[in-house]
Amino acid sequence: MARFLKDRSGASGLAPGSLVFIGKQKMEQPVLQVIEYNTKGLSEKEIASPKEIEAEVYRPGVTWLNIYGLHDIKLIEELGEVFSIPVMLLEDVLNTDQRPKYESFDSFDAFILKMIRYDESAQKIIAEQVTLILGQHFVITIQERKGDVFAPVRDRIRNSKGRIRGKDNDYLAYALMDAMVDNYSIAVETIGKKIDDLEHRIFQSKDAGLTEEIYKLKTELNYLRKSVRPVKEVITSYLKSESPFFHEKNKVFLRDLNDLVTQSSEAIELYNNLVSDQLNIYNTNMSNSLNQVMKVLTIFASIFIPLTFLAGIYGMNFEYIPELSYRYSYPIFWVTVIATGIALLIYFKRKKWL
Amino acid sequence: MARFLKDRSGASGLAPGSLVFIGKQKMEQPVLQVIEYNTKGLSEKEIASPKEIEAEVYRPGVTWLNIYGLHDIKLIEELGEVFSIPVMLLEDVLNTDQRPKYESFDSFDAFILKMIRYDESAQKIIAEQVTLILGQHFVITIQERKGDVFAPVRDRIRNSKGRIRGKDNDYLAYALMDAMVDNYSIAVETIGKKIDDLEHRIFQSKDAGLTEEIYKLKTELNYLRKSVRPVKEVITSYLKSESPFFHEKNKVFLRDLNDLVTQSSEAIELYNNLVSDQLNIYNTNMSNSLNQVMKVLTIFASIFIPLTFLAGIYGMNFEYIPELSYRYSYPIFWVTVIATGIALLIYFKRKKWL
Amino acid sequence: MARFLKDRSGASGLAPGSLVFIGKQKMEQPVLQVIEYNTKGLSEKEIASPKEIEAEVYRPGVTWLNIYGLHDIKLIEELGEVFSIPVMLLEDVLNTDQRPKYESFDSFDAFILKMIRYDESAQKIIAEQVTLILGQHFVITIQERKGDVFAPVRDRIRNSKGRIRGKDNDYLAYALMDAMVDNYSIAVETIGKKIDDLEHRIFQSKDAGLTEEIYKLKTELNYLRKSVRPVKEVITSYLKSESPFFHEKNKVFLRDLNDLVTQSSEAIELYNNLVSDQLNIYNTNMSNSLNQVMKVLTIFASIFIPLTFLAGIYGMNFEYIPELSYRYSYPIFWVTVIATGIALLIYFKRKKWL
Amino acid sequence: MARFLKDRSGASGLAPGSLVFIGKQKMEQPVLQVIEYNTKGLSEKEIASPKEIEAEVYRPGVTWLNIYGLHDIKLIEELGEVFSIPVMLLEDVLNTDQRPKYESFDSFDAFILKMIRYDESAQKIIAEQVTLILGQHFVITIQERKGDVFAPVRDRIRNSKGRIRGKDNDYLAYALMDAMVDNYSIAVETIGKKIDDLEHRIFQSKDAGLTEEIYKLKTELNYLRKSVRPVKEVITSYLKSESPFFHEKNKVFLRDLNDLVTQSSEAIELYNNLVSDQLNIYNTNMSNSLNQVMKVLTIFASIFIPLTFLAGIYGMNFEYIPELSYRYSYPIFWVTVIATGIALLIYFKRKKWL
Amino acid sequence: MARFLKDRSGASGLAPGSLVFIGKQKMEQPVLQVIEYNTKGLSEKEIASPKEIEAEVYRPGVTWLNIYGLHDIKLIEELGEVFSIPVMLLEDVLNTDQRPKYESFDSFDAFILKMIRYDESAQKIIAEQVTLILGQHFVITIQERKGDVFAPVRDRIRNSKGRIRGKDNDYLAYALMDAMVDNYSIAVETIGKKIDDLEHRIFQSKDAGLTEEIYKLKTELNYLRKSVRPVKEVITSYLKSESPFFHEKNKVFLRDLNDLVTQSSEAIELYNNLVSDQLNIYNTNMSNSLNQVMKVLTIFASIFIPLTFLAGIYGMNFEYIPELSYRYSYPIFWVTVIATGIALLIYFKRKKWL
């Protein structure tokens, strides 16, 4: 269950604001990528410490610092110094089980968000924390490990495709969030397809493994909801904020983002309902099936048990059973047997069991 | 499940604002119909490009441009140029899985809405996206493919029936929305009739196919809710907006529209409850039926199994069974059998199993 | 299901605002009753057209025009002219499936409400639409057909009983609404009594018809909720409005009305819960009963099937079965049988099946 | 079900504001107790009509008039005259099925509240209506019948215990409400204890009576909720009101009262959940038990039915059955029987049925 | 059930504001610890009565008075005098079943909170009440008994670790609350791990004890929700308050706290859903299992019961059964038996029961 609330016991008892990395270390060496661009040009480099770009970040043009790897606390501390990030926020960055949230500070807006993907091999939704910081001229993104969710944005910057090079850093922040949120829909849809598969199996076979899959889907949907719903809150509250770092005229993009998250969020609820319905229907189908099984048993048993008794009677060894020596006993016995059988069949037919 | 959240993976990774058609191409060639009218006259024509009416749309009188077919991206781009529609909105127009919404722009109000009908052959609710743009003197409607939902409005304009010719384009926009929303009620009612049919079958026969139909109805109701609920939000928020394109005095029509959507929306919830109730009742009926079946089996088995045992005893071949040679053994056996049978019947009668 | 959303397909496609009667014609000839009164006197008459009282309605004193019968569209149009009722409202009046609502106009307030009663013969809740219009000096009520729900109010006016003659027309409007709402409680209570009846039957017998009654009650409660809940909204929103037609000092009556509807509304929810509980309990009782049945079967079968096998063995005709010729075989057989039987009985006793 | 919505049919059709007693007459003769006190002294008396204290109630010091018995309408009318209580409120006082509410008037605040207790003999929650009127210097309480819920408050006044004698009448009103609300907790807790009792029985025995008790508890909790929830609304809305009769500085007591009702209210919801859980668990336990029963039956039947068939074969009287005369047939038969039995036992063991 | 609503009957009838200890006495002798500190130094002592520090608490620097043990009413009264705590609040302090709440007074803010831990031996969530009072320069904490939840905070003060020594008493109050809320997550997670354990057992074995554990988890989650949800309300409302005792600039810590409680609260809801899902799945699994059992029984019985009847026929002792003396009767009998058996097996195969 660690996915639903991570074990903070390692951090419990520490002073709030103590920098501790809560999570699983996911890569060996942190990586710091810097992309600087404006309409005219673009430069990319990898740096070893945030201090290397201290001078540049406050110059016009967009500077995007993308960091992979969280476990190096010293690095995070340097980041805090360079960008004057309060220690409370750094703590949140390091605690990878943070609830998605938005907080505004004097010199930047900070977002704790979740990246979501469906891991086919583990058959699980994986959520990783991404911190996004939007300042005057810079955007910082901090991820748990190297991933490719921002790759399309990077390509668009490099190829000067789309509007991105002609826009400010608030548009970059939006583009990055959009890339994350796009992946929500994809993850939700993967679940959707699995639900679709189940749909047919529920009516065709009655394999017991179905319940395990249904339970799994419910758990994944719960996990998705836990990650997506607060992201919606984040975007809604950012829309209402009057942040100086996001241009009013670009708010239309945020609204679009909001629609996208809402849609994912509604789809999660919908799928949750569908899976519950499926479980109910499956249950009903099984009752139906039990009814069929029991009718077969009852018909067989109700017809043959009395007849067996009848045969048993004339198998008795009493010396004085007059019927035994009667010439037509045997044919009469058969007539009785067949008549009883037919009568019972008619009875069951009337009861609509046949 | 593609109906619940369309696969955006084709578009994922693209710059937001890139124009890509997300959906199934539903007709070969886009069609652009123009109707211009005022109280005095009316002209109709088909055009090849929005540019042909560039000059006309800002003249007094109502110009209604109705477009069928979305897959021609060049056409949509031209539309954007002529009416200065931002690319973000054009993107939404092309993504046929857009959540219904209302957005206000400088020179027009835009609505993404859903057209709903029940497809009898597929036994499914079909929702298609309609974009409606309401400007100073014009209304643009963009549909996925040719349909007849706007036909009655067109007829009313042509025949100068009703108030429509004497009113401005905001009234036309309302009339078009009203035509769409009217179809919601019809779709909901089709589901309602199917629920009504089920109602009788649940108590009469016990066919296993019922659960499949119930599941289907639940899925359709979920789909309807997903489409109708945001339309209600759209109309409510438009009512509260102070759009310059919709006359205050015509807001009474919007309120009427709101009532209509609310009613459809409430009916969907109600039907959802009813179908859930039906599933519960059906389940209970099946338990009832199982109880009946098992009582029959138990009565037959409980009476004849002991008696068969009794007959079996006297069928044994032990040399020394004194009863075998006793003269009245056989009649006494029958008396015992009949007495036991009657005793058990009384017992089951007392238990109210008979 | 037509009760939940009426078939508007007859009206679909028509211009909004076209006057069409949607509903079942419930009487042959519309009736128009006029009662005029003030503290000093009272006059009653029946008129043929609203025009006959055109002059009177704006004079001081209260004029109450009560109309039965909706299908005569000409009459409704005349009404519209005389009282300058907008065509949108007239359309609502004629559409008997209108959701209850309140709308304020320049010269009057209009209410679409529902009259509710339990029809014993059909065992159904019947809701009929009533329109109430409250102007400067007049009240108009329009009902689908002749009913007696307003009779007590009429009697009070005639007999000058209560406060009604000394009060203005807003009090009359309240008194009429109160008469309607009073009937809600009575209808809800009729359902309540049926639920009470079920309560006993659920624990006593196990008749299968119960599920059908439970389903029926659920459906009726759904229907009631659909009718009553929006009436509560109407009264709440009217309370908050600052209508010039309802004296501030009489708002205490509206609040009282609000309490009454709230109470009916809460009772509906409560009864809904109770019926759901009853269905659950009934289900549990049936599982209980199935358990009992199966225990009886299992006990009978488990005791006698092994014994029958034992008897079967010594009924075999093998030539060399040494026990057959042993002198005490038969008594030993009986001892074995009885011992086995007792052992199994003890076993089942221990399992608490007996 | 009369407990959930009382039959108002007696009053239906009457003018609103007509004084009719709706409820069961619960005592023969109304009783009017007057307690007057201030920090210095205290006087108690019983009076026959409210008129006797007409002069005193507007003098400084606290006058508490406590009335038992509601059926004497003349008394209520006199009360109305003396304290200028509007007839609408008097009507509410007499209708003992009134929803708890608070209404403010010019010269006093009026509260319709519920007194709740668990009647052990009837095993039911009993709610009785109490009206509390808080004026400038007086408090009036009107109860359906003599009870002892206010006794502790009376004792505190008499013994000058606590703060009560040094405080104004608003504190008295609070103390009386507090006495009532204290009883809510006690009633809720009585239900809580019954739920606790059930908890053990659900896992130990499987007595069918359990479902009846569960249903009863659910019904009582529904009844409690119906009575307590609106009292919470009353206190919340009184807290927000700016009544001149309740000193701002004493509002802290109201907040405390609010906490207490909230706690009762939350406990009711919680218990409701627990009882639902219990029913579900009980159901599951019964399915478990049915599974056990059926496994026993299946094991017995599946082992012995085939063996009985085998014995039956060699009990046949065909003339030519070679095995019959074979010397080792009988031992071979036994070996077969035992082997088959063991094989089936292993099979069931593998299936984890044993 | 006493955990859900404590028995107040001891206090019922007393004047509100009478100091009575409601709860179980949990330690023998109350303990009063005082820690005074500022950036420069720190002093610790144990005192016997609050009066000993009367002079010190209003001096600059932070004074933290931590009290264990509630049953000594005299002590609580002295506390009230020294810090001018109103008697209503003292009453709340003593009533250990108080709903968590925040109240602001002239000279301090008071918080009633809950400390939560999972008691492994009792397998129960234990909640104990903590009162926290935040004044100008002091913080008072009052616990039911000695615990170690505040130990880490005390250590940080002593070791001058973290920011705590350089901050005011509002930060201390936050740090103490944070220590409590941290324990919520730990308790919730303990439940989470138990749910995780159940997850595997539901699909593997079918032990009946599972339902008892599920019920237990549901009860604990209900209890947790009851304790945690109001704490969230407390923090939210304190955030919105404009208390002079909590520096605006430290509100960021409160927001962090709020996130933490929200997360615990959401996890509780999530776990509740998961446990409900588990119960449903377990139920379905049992139906599945019953289906399997019944199929085995039906197959065995349906094949062998008719065959036994056949054998029974030729075991009859009628004198004239022609087949008996027919030479190939026995082989034909076997062929019939085997053919019937195979036919039935094919039948069951087709029905997918095999």
Side-chain angles (χ1 to χ4, degrees), chain A residues 151-152 156 161-164 174-175 178-179 182-183 185-186 188-189 192-193 195-196 199 202-203 252-253 255-256 259 262-264 266-267 270-271 273-274 277-278 280-281 283-285 287-288 290-291 294-295 297-298 301-302 305-306 308-309 312-313 315-321 352-353, chain B residues 1-2 4-9 11-18 86 88 92 97-99 101 103 205-206 208 211-212 214-215 218-219 222 225-226 279 282-283 286-287 289-290 292-294 296-297 300-301 304-305 307-308 311-312 314-317 321 323-330 333:
Chain A
R156 269 150 51 202
K161 250 192 346 195
R163 283 162 286 193
I164 200 159
Y174 153 70
D178 187 70
D182 247 19
N183 278 291
S185 314
I186 294 169
V188 173
E189 220 19 62
K193 274 178 203 137
I195 293 171
D196 212 18
E199 197 171 312
I202 275 168
F203 294 106
V252 66
F253 297 115
R255 269 194 293 278
D256 211 71
D259 286 344
T262 305
Q263 211 159 4
S264 290
E266 286 180 356
L270 221 149
Y271 286 150
N273 289 346
L274 281 180
D277 288 348
Q278 285 188 344
N280 285 336
I281 292 286
N283 248 317
T284 308
N285 283 351
S287 296
N288 244 328
L290 184 62
N291 257 351
M294 294 322 293
K295 278 178 190 165
L297 174 59
T298 301
S302 302
I305 287 178
T308 303
F309 165 65
I313 285 171
M316 294 193 299
N317 297 323
F318 288 131
E319 278 172 32
Y320 307 95
I321 305 187
K352 299 210 174 159
W353 293 5
Chain B
M1 266 325 107
F4 289 105
L5 194 62
K6 278 190 194 150
D7 197 345
R8 286 170 52 92
S9 54
S12 165
L14 283 180
S18 310
M88 281 306 279
D92 291 345
D97 187 36
Q98 200 56 41
R99 194 172 180 265
K101 65 173 178 182
E103 245 168 313
S205 71
K206 273 127 201 158
T211 57
E212 197 155 2
I214 286 174
Y215 180 73
K218 284 227 127 197
T219 312
N222 270 322
R225 183 198 285 144
K226 169 187 177 279
L279 186 57
Y282 178 69
N283 249 317
M286 271 193 327
S287 295
S289 148
L290 184 61
Q292 293 309 317
V293 171
M294 295 323 292
V296 167
L297 175 58
F300 268 94
F304 286 105
I305 287 178
L307 297 182
T308 302
Y314 296 106
M316 293 192 301
N317 297 322
I321 305 188
E323 296 97 318
L324 291 185
S325 52
Y326 180 49
R327 223 199 174 315
Y328 300 107
S329 284
Y330 186 56
F333 172 82

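Throughout, a chain's letter reflects where its sequence line sits, starting with A, and its residues are numbered from 1. The figures here come from the full heavy-atom set of this structure, side chains too, leaving out hydrogens, waters and symmetry mates.
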Exercise for the section: Name the region of N317(B), side chain, backbone, both or neither, that has any atom closer than 4.5 Å to a heavy atom of chain A. Expected result: both
Handout entry: Minimum side-chain heavy-atom gap K101(B)-D256(A) below 4.5 Å
Key = yes
Problem - Contact leader toward chain B among I321(A), L290(A), N273(A), where contacts are heavy-atom pairs under 4.5 Å - result: I321(A)
Exercise for the section: Look at the aromatic rings of F304(B) and F309(A) and report parallel, tilted or perpendicular, splitting at 30° and 60°. Expected result: tilted
Practice task
Please lay out, stage by stage, how T298(A) and F300(B) fare under the test side chain to side chain contact (heavy atoms under 4.5 Å, CB included).
Solution key: CA-CA 9 Å; T298(A) 301; F300(B) 268 94; over 6 Å; no
Fill in the blank from the handout: Whatever's closer than 4.5 Å to a heavy atom in chain A on I305(B) counts as both
Handout entry: Mutual orientation of the aromatic rings belonging to Y326(B) and Y328(B) [parallel < 30°, tilted 30-60°, perpendicular > 60°]
Key = perpendicular
